[in-house]
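Comments concern the structure below.
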Amino acid sequence: MQTDAALLSPIILHDLFSDASLLARQWETFRKGIEIHWIYKTPGGASAALLKYAPGARLGRHIHAGYEHIFVLRGSQTDENGQHERGTLLIHGPGTTHSIHSDPGCIVLAVWEKSVHIFPDQATAE
């Protein structure tokens with residue numbers, strides 16, 4: 001994982017629609033039922049990661065300080081705007097809030113301009 005804001009060389013992720021490519025990555029626990037594979041991370045700033053939701057996993061209401069881009073690579077996830085299937089790109093602007101759940105499970109590519117704040121009463125949402 002790259003942790004410096006200034007990348008010295010490009011990060012290249014191949015074959016993101018391949019189950020083998022996605023599942024072979026190193027995952028760590030992010031929230032209950034959600035694992036994360038960091039691509040790069042800048043404290044308080046820009047970050048990118050793959051998020052893997054187990055079937056039925058939920059992420060509680062959170063607010064975006066900057067833009068968030070979500071690209072659904074596998075499965076589907078649902079928020080207040082509907083169900084989003086594989087191949088969907090979602091862009092949430094600064095100041096927007098939503099919560100997420102994935103009944104079938106999913107893997108998404110998430111790119112954040114700035115940190116996301118999960119509301120305290122939602123941090124352990126199931």
Side-chain angles (χ1 to χ4, degrees):
M1 171 185 60
Q2 176 73 30
T3 56
D4 186 357
L7 297 175
L8 299 178
S9 60
I11 296 172
I12 301 170
L13 303 176
H14 294 280
D15 207 12
L16 287 179
F17 286 116
S18 161
D19 287 347
S21 173
L22 290 172
L23 298 176
R25 299 188 180 281
Q26 293 183 321
W27 297 92
E28 59 187 75
T29 300
F30 181 65
R31 298 280 188 271
K32 182 178 179 184
I34 305 171
E35 294 179 285
I36 194 165
H37 170 79
W38 289 105
I39 298 168
Y40 64 87
K41 186 176 182 181
T42 306
S47 300
L50 296 168
L51 293 166
K52 180 169 59 171
Y53 288 72
R58 297 181 176 276
L59 180 61
R61 182 158 299 281
H62 54 281
I63 188 166
H64 301 282
Y67 284 95
E68 173 192 63
H69 297 77
I70 299 291
F71 187 61
V72 181
L73 298 169
R74 181 176 177 199
S76 68
Q77 67 174 218
T78 303
D79 65 11
E80 292 78 1
N81 297 300
Q83 184 169 329
H84 313 292
E85 303 289 334
R86 179 179 188 238
T88 302
L89 174 64
L90 300 131
I91 301 172
H92 299 101
T96 60
T97 68
H98 66 130
S99 58
I100 303 164
H101 70 275
S102 179
D103 289 335
C106 67
I107 298 178
V108 302
L109 169 64
V111 180
W112 300 282
E113 177 187 20
K114 296 181 180 177
S115 298
V116 173
H117 174 72
I118 299 174
F119 296 124
D121 61 334
Q122 301 292 311
T124 57
E126 297 184 28

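Keep in mind that what you see is a predicted model, and the values were worked out from it rather than measured. If you read the sequence from its start, that first residue is 1, and numbering goes on from there.
- E28 and Q26 share no side-chain donor-acceptor pair at under 3.5 Å.
- Across all non-hydrogen atoms, the minimal contact from T42 to S47 is N-OG, 3.5 Å.
- Here the closest non-hydrogen pair linking A49 and W38 is CB-CE3, 3.8 Å.
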Note to self: Could you walk me through whether C106 and R74 satisfy the side-chain contact (heavy atoms from CB on, under 4.5 Å) test, starting with their C-alpha distance in whole Å, then the side-chain angles of each, then the deciding distance to 0.1 Å, before giving a yes or no?
What the structure shows: CA-CA 5 Å; C106 67; R74 181 176 177 199; 5.8 Å; no
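- If you take CG on D103 and CD on Q83, they are separated by 7.5 Å, rounding to the nearest 0.5 Å.
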Check: Going through the distances and angles, do I11 and I39 end up as a side-chain contact (heavy atoms from CB on, under 4.5 Å)?
Finding: CA-CA 8 Å; I11 296 172; I39 298 168; 3.7 Å; yes
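- To the nearest 0.5 Å, atom NE2 of residue H37 and atom CG of residue L13 are 6.5 Å apart.
- Looking only at side-chain heavy atoms (C-beta outward), W27 and I34 stay at 4.5 Å or farther from each other.
- The shortest non-hydrogen separation linking S21 to D15 is CB-O, 3.2 Å.
- Legend: residues meeting side chain to side chain contact (heavy atoms under 4.5 Å, CB included) with F17, ordered by chain and number and at least two apart, are F71, L73, R86.
- To the nearest 0.5 Å, the span separating CD1 on I36 from NZ on K41 amounts to 7.0 Å.
- Between the S18 side chain and the A20 main chain, a donor and an acceptor come within less than 3.5 Å of each other.
- Judged as a salt bridge (Lys or Arg N to Asp or Glu O under 4.0 Å), and not counting sequence neighbours, the contacts of E80 are R61.
- Here the side chains of F119 and H62 are not in contact, with every heavy-atom distance at 4.5 Å or above.
- Checked by atom type and distance alone, the side chain of S102 never pairs as donor or acceptor with a backbone atom of R58 at under 3.5 Å.
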Margin query: Set out, in order, the CA-CA distance, both residues' side-chain angles and the distance that settles side-chain contact (heavy atoms from CB on, under 4.5 Å) for S76 and E85, then state yes or no.
Written below: CA-CA 4 Å; S76 68; E85 303 289 334; 3.6 Å; yes
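- The two residues L59 and F30 come nearest to each other via the heavy atoms CD1-CE2, 4.4 Å.
- Taking CD1 of I70 as the start and CG of L51 as the end, the distance is 6.5 Å to the nearest 0.5 Å.
- For H92, the side chain to side chain contact (heavy atoms under 4.5 Å, CB included) criterion is met by H64, E68, D79, L90, T96, H98, not counting sequence neighbours.
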Next item on the list: Please report the C-alpha distance between L50 and V108 in whole Å, then the side-chain angles of each, then the deciding distance to 0.1 Å, and finally whether the side-chain contact (heavy atoms from CB on, under 4.5 Å) criterion is met.
Entry: CA-CA 6 Å; L50 296 168; V108 302; over 6 Å; no
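- Contact check for K52 versus L22: no side-chain heavy atoms found under the 4.5 Å cut-off.
- Of all heavy-atom pairs spanning S99 and G60, the tightest one is CB-C, 3.9 Å.
- Here the closest heavy-atom approach between residue A57 and residue G33 is recorded as CB-O, 3.3 Å.
- No donor-acceptor pair under 3.5 Å is formed between the side chain of H69 and the backbone N or O of Y67.
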